[in-house]
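Keep in mind that what you see is a predicted model, and the values were worked out from it rather than measured.
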Amino acid sequence: MKSYKLFFAIALVLVVKSTFAQVTKNSNLFIELKKADSLIFNEGFNQCNYAALEKVLHKDLEFFHDQNGTQNLEQFYISFKNSICSNSNFKPIRKLVNETLKVFPLKNNGELYGAIQTGEHIFYIKEPNKNLYATEQGKFIHTWVLENGQWKVKRIISYEHKPPAKDYGVKFNANYAIKLFENDKEIEQLLIQHKIPSIAIGLIKNGNLQQIRTFGNKISNQPISNNSIYKVASLTKPITAFVVLKLIDEGNWNLDEPVLKYFTDKDIEHSKYLNKLTTRHILSHQSGFPNWRYLTHSKKLSFQFEPGTKWQYSGEGFEYLRKAIEKKFNRPFEDIAQEKLFNPLGMNNTYFYWTDKIDEKQYAVEHDENGKPINYEKHTVANASANLLTTVEDYSKFLVYVLNGAGLSKINYAEFLKAQSNEKDGIDWSLGMQMLSNLPNNETAFMHTGGDYGTKTIALILKNSKDGLVLFSNSENGMVLWQKIISEYFEGIGEEIVRRNLE
């Protein structure tokens with residue numbers, strides 16, 4: 001008897017699940033109710049079209065709001081007229097978050113009599129001569145009934161209202177509400193929406209590489225893989241920094257020795273600041289150099305301020321340091337990096353420039369904002385600031401190494417963990433990476449971004465939890481992913497990291 005009851009219970013659950021499954025987005029029911037939702041909000045709420053509302057509101061309407069109580073049909077109309085449609089110069093506007101909309105049919109003996117519609121929406125204010133601005137977001141549940149062939153909404157539940165997500169502009173706004181890590185199809189849909197050919201994600205948990213996930217294509221119809229090689233632009237700099245820290249740890253280089261001992265650029269050979277420039281200044285972006293000399297009026301290298309007196313991001317500084325190291329050791333910097341980092345860590349697909357070892361078929365070709373491939377340059381000399389070619393797996397191995405001490409002495413690892421310079425409120429720089437202290441849970445983050453036209457990359461690690469993230473994209477639109485993925489993966493910590501960087 002017990003086994004019969006158990007069988008019946010399981011069968012009942014299966015019947016309920018199969019009959020209450022959501023319908024597909026291309027089904028007639030979904031399309032009809034999306035049009036009905038549009039009559040309530042796009043026509044009624046946004047345009048104050050009362051005739052449209054009358055078509056879809058049930059005479060026995062029940063409206064439940066988590067902040068404004070309950071209303072019947074008459075009360076709903078009064079509130080609608082007095083608060084929604086009373087002032088055209090301060091007009092509330094509602095927009096549906098399309099990807100969140102779901103519809104579940106209600107049947108009686110197999111016959112459709114109603115439906116449940118759920119989703120999320122964002123509310124805005126429209127004022128003259130101003131851009132629409134968001135004020136609130138929330139969720140809704142609509143209960144629809146089918147009467148005489150017409151869909152009528154009988155119950156509206158509007159709940160979980162909260163301030164809208166921060167809007168940092170179109171370059172950083174994924175405009176996609178569904179959590180990406182719950183469903184691979186959602187990530188693929190987001191890539192299509194923003195014309196992003198591919199992303200490669202490395203997830204680090206508790207100081208270990210937990211997972212690599214790849215989506216999209218290197219180039220049309222050529223799927224990305226774990227071994228796909230991206231140009232990661234300025235993510236070269238942390239690599240350079242740790243090669244230098246390894247030399248320091250071995251006693252073969254000095255963090256605070258004047259770099260002029262080994263190299264002097266002819267452009268600054270007569271500068272009064274020459275003997276003050278140190279490796280510490282360069283790795284923490286206090287060199288006084290511009291980002292690149294070719295961006296200056298004179299096209300020549302110069303000190304724009306005394307080294308060590310303030311922060312200014314500089315690719316020139318890292319290149320200056322590379323030349324000094326090569327001069328002292330009489331070796332190419334890339335060979336030193338191979339010996340100190342790439343070989344020990346098994347970074348077998350990482351290169352400072354194009355060589356015969358690279359399988360070009362594995363290259364994630366850069367793409368423009370329209371999703372079209374870009375003609376890419378094959379650099380043939382090392383640059384300590386940019387142009388590194390690597391895979392998400394190799395770069396994740398590097399970050400795991402950094403999180404676990406990088407094989408450095410406590411003294412030298414402590415120098416990396418220390419704030420060396422200040423970019424702005426809430427953002428310092430350590431040696432080679434941006435540093436964000438006093439995050440939620442007393443966490444500290446180290447991160448760096450990389451971006452050239454057609455490629456956008458970011459790497460992030462958390463000191464205490466030893467979690468991390470590597471995100472590569474071969475797209476000019478790749479930055480739209482950063483806020484969403486970082487905020488979802490690191491939650492409150494991620495949201496604060498994004499806020500400090502983008503506000």
More than 12 heavy atoms of other residues, nucleotides or ligands under 6.0 Å from [atom1] of [X]: yes or no?
| X | atom1 | answer |
| --- | --- | --- |
| K357 | NZ | no |
| I411 | CD1 | no |
| K25 | NZ | yes |

Practice problem: May I ask you to decide if the ring planes of F398 and F242 are parallel, tilted or perpendicular, using 30° and 60° as cut-offs? | Solution: perpendicular
Practice problem: Look at the aromatic rings of W354 and Y376 and report parallel, tilted or perpendicular, splitting at 30° and 60°. | Solution: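 Answer is parallel, since the angle falls under 30°.
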Quiz item: With distance as the sole test, does H281 use its side chain to make a donor-acceptor pair with the main-chain N or O of K276 at under 3.5 Å?
Solution: yes
Quiz item: Any sub-3.5 Å donor-acceptor pair from S487's side-chain atoms to K484's backbone N or O?
Solution: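 No, the answer is negative, given that no donor and acceptor are paired below the 3.5 Å cut-off.
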Quiz item: Does NZ or CZ of R94 lie under 6.0 Å from the centre of the six-membered ring of F41, at an angle within 45° of the ring axis?
Solution: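 Geometry flag: set, cation within 6.0 Å and 45°.
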Self-check item: side chain to side chain contact (heavy atoms under 4.5 Å, CB included) partners of S287, counting only residues at least two apart
Solution: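 S287: side chain to side chain contact (heavy atoms under 4.5 Å, CB included) contacts with L277, I282, F289, S314.
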Exercise. Scan for side chain to side chain donor-acceptor pair (under 3.5 Å) pairs involving residues 395-406, sequence neighbours excluded, and state none if there are none.
Key: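 Sorted pair list: K246-Y401.
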Quiz item: So does D249 pair up with K340, basic N to acidic O under 4.0 Å?
Solution: no
Quiz item: Is the shortest side-chain N to carboxylate O distance from E269 to K266 below 4.0 Å?
Solution: no
Give a yes-or-no answer on whether the side chains of [X] and [Y] include a donor-acceptor pair shorter than 3.5 Å.
| X | Y | value |
| --- | --- | --- |
| T455 | D452 | no |
| T350 | D394 | yes |
| Y313 | K237 | yes |
| Y351 | Q338 | no |

Quiz item: With sequence neighbours left out, what residues match F215 under ring pair (Phe, Tyr, Trp, His ring centres under 6.0 Å)?
Solution: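 Partners of F215 under the ring pair (Phe, Tyr, Trp, His ring centres under 6.0 Å) test: none.
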Side-chain donor/acceptor pairs under 3.5 Å, residues 439-446, sequence neighbours excluded:
{"unit_1": "E443", "atom_1": "OE1", "unit_2": "S465", "atom_2": "N", "d": "3.1"}
{"unit_1": "E443", "atom_1": "OE1", "unit_2": "S465", "atom_2": "OG", "d": "3.4"}
{"unit_1": "E443", "atom_1": "OE2", "unit_2": "K463", "atom_2": "N", "d": "3.3"}
{"unit_1": "E443", "atom_1": "OE2", "unit_2": "N464", "atom_2": "N", "d": "2.7"}

Self-check item: Residue pairs fulfilling salt bridge (charged side-chain N to carboxylate O under 4.0 Å, His left out) with at least one residue in residues 466-479, sequence neighbours excluded
Solution: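 Residue pairs with at least one partner in residues 466-479: K205-D467, K456-E476.
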Exercise. With sequence neighbours excluded, tell me which residues meet salt bridge (Lys or Arg N to Asp or Glu O under 4.0 Å) with K261.
Key: E257
